[in-house]
Number of protein chains: 2
Amino acid sequence: MSKYKGILDNIAKYVKLSDDEIKQFISILKTTRVKKRQFIVQPGFVSEYQNYIVEGAVRVFYLDDFGKEHTVIIGIEDWFFSDFYSYVHRTPAEYFAEALEDSLILQMKYEDVEELCNRIHPICQYFRLLTEKALAYSHRRTISNISKTSEERYKEYVNKYPQIANRVPQYVLASYLGISPESLSRIRSRS
Amino acid sequence: MSKYKGILDNIAKYVKLSDDEIKQFISILKTTRVKKRQFIVQPGFVSEYQNYIVEGAVRVFYLDDFGKEHTVIIGIEDWFFSDFYSYVHRTPAEYFAEALEDSLILQMKYEDVEELCNRIHPICQYFRLLTEKALAYSHRRTISNISKTSEERYKEYVNKYPQIANRVPQYVLASYLGISPESLSRIRSRS
DNA sequence: TTTTTTTCTTGATATAGGTCAGGTTTTTTT
DNA sequence: AAAAAAACCTGACCTATATCAAGAAAAAAA
């Protein structure tokens with residue numbers, strides 16, 4: 001099965017591309033294999049690529065001044081990731097992107113995506129709709145963060161992404177939910 | 001000065017539209033005046049419109065099971081707002097949108113926006129770029145929520161939006177930052 | 001201006017969740 | 001299979017922030 005199947009299926013859920021447009025889209029994709037614990041994005045450098053996970057798992061996290069990690073994105077197959085702020089604003093990244101497993105990812109350069117979006121209307125549509133869903137989701141997460149208890153956020157996550165919760169280290173999930181690893185351990189033990 | 005100047009300037013920052021395209025865009029805008037404390041979106045109904053604030057101030061908030069309010073968006077002139085999840089997914093809204101001041105807003109229906117985006121490439125580009133910036137910002141807010149103390153979040157906000165911080169009620173700001181009104185009051189008094 | 005409503009402040013108290021420290025289990029590497 | 005590293009758990013303690021309650025100040029309405 002082609003490594004492009006996933007992303008093309010994803011596109012097809014939103015827009016219909018001609019064979020030629022598909023060819024052009026594929027031409028900007030760069031395939032990268034990363035080993036577990038390898039960094040794909042590092043602070044200080046502009047996040048040049050929008051990344052799509054074909055296989056594996058990745059997280060994007062921020063390292064604060066006290067050395068604590070805060071995870072912004074946990075992604076598995078069929079997810080996009082990047083330091084989106086850096087990618088969009090062309091400023092140095094502040095986040096790390098780290099492979100949680102050996103992974104296969106497709107990378108598309110900012111300039112190439114912009115060029116395609118400028119030239120090919122349905123591809124612009126695709127990225128617009130994709131980003132809108134991501135924003136809608138992000139708003140929900142914000143509400144969850146400001147209004148729910150640690151335990152509620154944990155349960156909500158497990159309920160929504162049972163496969164992911166069992167696939168990534170617990171301290172990663174804790175840092176995604178804004179909970180200390182110790183507290184998450186206790187939350188789990190009492191339920 | 002035309003009530004359309006703001007939104008057209010906003011568009012011009014991202015894309016160049018022809019006179020005809022501008023005319024078509026304006027044709028989908030519906031002007032609405034709302035009084036302070038009036039609701040623009042209410043739970044239970046699909047958020048039909050994407051709203052742009054010409055003048056005034058609006059907040060979008062969620063009322064939890066305990067009757068507590070959690071503000072997702074505080075917007076002033078030149079901001080968009082909606083229950084974005086509802087707007088995008090065509091599901092009943094869960095949030096209220098409430099005018100914080102007498103306001104003048106421009107509303108564009110979901111179907112009309114989609115139709116324009118399908119038909120006019122630069123308009124699709126505009127909404128894509130707009131949404132990307134909003135998502136980048138939302139990611140930053142998420143990090144802030146999960147990694148910073150109440151006091152840090154407050155100072156960050158005041159630093160970033162000094163005009164807004166002085167313009168909206170303190171309890172609204174508190175609910176935006178995920179802090180109780182009492183705690184915010186104390187944070188302010190000790191600095 | 002007076003009254004009413006809304007918003008903000010301050011004190012007393014409670015608690016969720018953080019931090020520190022140590023040990024155990026699991027996973028990875030050699 | 002042993003050794004090393006990574007991840008997880010548990011107890012003791014602490015602190016930031018929430019909650020409850022009541023009054024003061026400010027803003028809006030009459």
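Labels below follow one simple rule: chain letters A, B, ... track the order of the sequence lines, proteins then strands, and each chain is numbered from 1.
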Can [X] and [Y] be counted as an ion pair, charged N to O under 4.0 angstrom?
X: A:R140; Y: B:E94; answer: yes
X: A:D19; Y: A:K23; answer: no
X: B:E151; Y: B:R190; answer: yes
X: B:E48; Y: B:K30; answer: no
X: A:E182; Y: A:R186; answer: no
X: B:E98; Y: B:K36; answer: no
X: A:E69; Y: A:R59; answer: yes
X: A:R167; Y: A:E77; answer: yes

Just call it for B:L184: base, sugar-phosphate, or nothing, with non-hydrogen atoms closer than 4.0 Å on any strand.
-> nothing
Looking at the side chain of [X], which of [options] is the nearest nucleotide?
X: B:S189; options: C:dC8, C:dT10, D:dG11; answer: C:dT10
X: A:R37; options: D:dA6, D:dA18, C:dG18; answer: D:dA6
X: B:K68; options: D:dT19, D:dA28, C:dT28; answer: D:dT19
X: B:S185; options: C:dT9, D:dT10, D:dA18; answer: C:dT9

With a 4.0 Å heavy-atom cut-off, tell me which residues in residues 147-162 of chain A come close to DNA chain D, sorted by residue number.
-> none
Which ranges of DNA chain C pair up as stems, where a stem means three or more consecutive Watson-Crick or G-U pairs with both distances under 3.5 Å?
-> C:1-21 with D:10-30, C:23-30 with D:1-8
Given B:E156 and B:K160, is the salt bridge (charged side-chain N to carboxylate O under 4.0 Å, His left out) satisfied, shown in steps?
-> CA-CA 6 Å; B:E156 185 178 70; B:K160 188 156 187 188; over 6 Å; no
Take B:V168 and A:R190, find for each the nucleotide of DNA chain C with the closest heavy atom, and name the residue whose nucleotide sits nearer the 5' end.
-> B:V168
Identify, between B:S183 and A:R186, the residue whose nearest nucleotide on DNA chain C lies closer to the 5' end.
-> B:S183
Specify the residue among B:I187 and B:E182 whose closest nucleotide of DNA chain D lies further upstream toward the 5′ end.
-> B:I187
Under-4.0 Å side-chain N/O to phosphate OP1/OP2 contact, A:Q170 with D:dC9 | yes
Side-chain N or O of B:K36 less than 4.0 angstrom from OP1 or OP2 on D:dA28?
-> yes
